[in-house]
Number of protein chains: 2
Amino acid sequence: MTGMPIDIAVALDAVVAAVSDDEPRVLVRSPGEHLPADALPAGTFDPDADATLDAGLRRWVTEQAQLDLGHLEQLYTFGDRGRDGRRRVLSVAYLAFVRESTPRAPRVRWHPWYRYFPWEDWRDGRPAIVEDAIFPAVEAWVAAATDPQARHDRQRRTRRAIGTRRAPWNEELVLERYELFWEIGLVAESRAPGPMLLGERMAFDHRRILATALGRVRGALRYRPLVFELLAPDFTLPELQQTVEALAGRRLHAPNFRRLVEDAGLVEPTGAARQTAGRPAKLLRYRPDAIAERPDAGIGFR
Amino acid sequence: MTGMPIDIAVALDAVVAAVSDDEPRVLVRSPGEHLPADALPAGTFDPDADATLDAGLRRWVTEQAQLDLGHLEQLYTFGDRGRDGRRRVLSVAYLAFVRESTPRAPRVRWHPWYRYFPWEDWRDGRPAIVEDAIFPAVEAWVAAATDPQARHDRQRRTRRAIGTRRAPWNEELVLERYELFWEIGLVAESRAPGPMLLGERMAFDHRRILATALGRVRGALRYRPLVFELLAPDFTLPELQQTVEALAGRRLHAPNFRRLVEDAGLVEPTGAARQTAGRPAKLLRYRPDAIAERPDAGIGFR
DNA sequence: CGGCTTTTTCTCATAGTTAGAAAAAGCACC
DNA sequence: GGTGCTTTTTCTAACTATGAGAAAAAGCCG
């Protein structure tokens, strides 16, 4: 408003997600010359070339991955890394969904999302890593606090992020967990990484961005019809359910899931059916009018 | 990633909210030399002066309004106005809550939020402006679409944003409504404003930012204990309810509200009571531990 | 003490959720 | 062409939450 204008380099980072073979995947650039580890598709925002942020992002993704994005949604703007010696001081992260494995450029691949966050996939029950590695490490960290106030704070933060051994684990708090692990030194990106490192590392702060994205996806799933962008135009109810389960990271009760989706008026039968090993599943299609009728329509599972 | 670095001016905009006398208020700079209308506190982000975005924002707010902010939350990054002749091409908006009328600098004042959005306050039933002005104008706009496809799209968008004459109005879709009105020319900030203008105007795109904020607040109220930052440390249940009602823009059922808050374990009695014209109200205080016990604790009214 | 106001407690009908059982519809194999 | 296997789909019963109203409780004012 006042004073000299100060100009800053602005980066755009893309989290491009798909689900195939019941596995959520994310588009990453493989390590290479200037990349110490997997990185998200990204580029610099140039207002002379692109009128809007998402136009710029689309151009970078097209360039780096030969991929056209559909719906795009802003995730977060990260600005606290001006001091790390790199010129870039601001980065705006976006989230996009695409259908399945689409064309791919050379140094880009689809990588299973949970490789970066093995503790987030509870579809086959609680992952061993939680009991074996995470709980002990975090408990040790809590116990290591010297003064009682600090210990209480750590206790509280822990309870929120990962619950207790028997108490609930909130699947939406992906970012809180990652940041906790970062602070304790449980991930390779930490300022002071410890001896035990969880999940695969990424370049820069990209794993943090990815954690933000997963949390956002899990929250949005409930009250917005996001999943349908990941599916082919025709799909069966079990396919829909498995896609939701893949992202939510846990199993759902099939009869209840069906009722939820049907009562929301989100889908309509195409008339056809898909053969399976058992009873054939009816094919469905998404009904976009649902969103106008009930603006909060989503798959409100819990 | 590749090519020459391109630098951009980044602005920080602050939506600072408070509730006093049952009226949500927002901190604005009054019109003046370079300001055609009310504007949000704002300034340029300078990474050399401030390590993080929110540090920069805090500094600007302190400077312009002599006010210290508590909890700060990122709202959105607006980037699509590079072509309007002004140098600033990116702005990161933040949302903050403060308790009540705190100190004020000269050209800054607390202004009732609903003056900018008179159609959003349904506490005394549906505002006359909705029936008298908004419905007719929007219906005319839908009818004015020439080809059927466009009319159908407008119909759908309208249904989502403002419902129908008898059907539900979703109080969270503040931004969708503002953007609809902007497009139709119902607000002074529109590219082509019509003869009838709704609400008070603001400078730049600040009313859009404010709409984003109100929508976010209304959504977050349900599942996060935000309100407590607006209240004095001790408060009564009716005070809490009225504050929530002020933000939500509608009335709630007192007995049910009480049950909700108490069952969530969000508050505890202080032991004291506040005199009123009727039965004295018990004083309460917020119980921060609630958030650790139930990470999604909020006032889950609907 | 009786009337007034406001807070607080109670109650009840309705709606939504969880969890399990079981029926239905195909295939494969004898 | 039946029998068993798998998977989808329908049904049902218990439980929990929500919406709306009645009424009790606790103060003040005259």
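Rounding to whole angstrom units, CD of residue B:E262 and P of D:dT18 are separated by 15 Å. Atom CG in A:L260 sits roughly 14 Å away from atom C1' in C:dA19 (whole-Å rounding). Rounded to whole angstrom, the span from the CG atom of A:L252 across to the C1' atom of D:dT9 amounts to 17 Å. Atom P of nucleotide C:dA22 and atom CZ of A:R258 are separated by 19 Å, given to the nearest angstrom.
Take A:D132 and apply the salt bridge (Lys or Arg N to Asp or Glu O under 4.0 Å) test, not counting sequence neighbours, and it matches no residue. B:T276 meets the side chain to side chain donor-acceptor pair (under 3.5 Å) test with no other residue; sequence neighbours excluded.
Sequence order on DNA chain C of the closest nucleotides to B:H253 and B:T236 puts B:T236 first from the 5' end. Heavy-atom nearest nucleotides on DNA chain D were determined for A:N256 and for A:A281, and the one closer to the 5' end corresponds to A:A281.
Among B:R177, B:R207, B:R250, B:R126, the one residue that satisfies the salt bridge (Lys or Arg N to Asp or Glu O under 4.0 Å) test with B:E120 is B:R177.
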Starting from the C-alpha separation in whole Å, work towards a yes-or-no answer on ring-ring contact (aromatic ring centres under 6.0 Å, His included) for A:W119 and A:F181.
CA-CA 11 Å; A:W119 56 87; A:F181 299 164; 5.1 Å; yes
Apply ring-ring contact (aromatic ring centres under 6.0 Å, His included) to the pair B:F228 and B:F235, showing each step before the final yes or no.
CA-CA 9 Å; B:F228 301 104; B:F235 52 86; 5.7 Å; yes
Please step through salt bridge (charged side-chain N to carboxylate O under 4.0 Å, His left out) for the pair B:R123 and B:E23, ending with a clear verdict.
CA-CA 11 Å; B:R123 282 177 294 173; B:E23 199 56 46; 3.5 Å; yes
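For A:R274 against C:dG26, no side-chain N or O and base N or O form a donor-acceptor pair under 3.5 Å. Side-chain to base pairing of B:D263 with D:dA17: no donor and acceptor N or O lie closer than 3.5 Å to each other.
In the set D:dT9, D:dT18, C:dT9, the nucleotide with an atom closest to the side chain of A:K282 is D:dT9. If you check C:dT7, C:dT17, C:dT11 against the side chain of B:R259, the one that comes closest is C:dT11.
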Going 5' to 3' along nucleotides 25-30 of chain D, which nucleotides have protein heavy atoms under 4.0 Å from the base (write B), which only from the sugar-phosphate (write S), and which from neither (write -)?
BBBS--
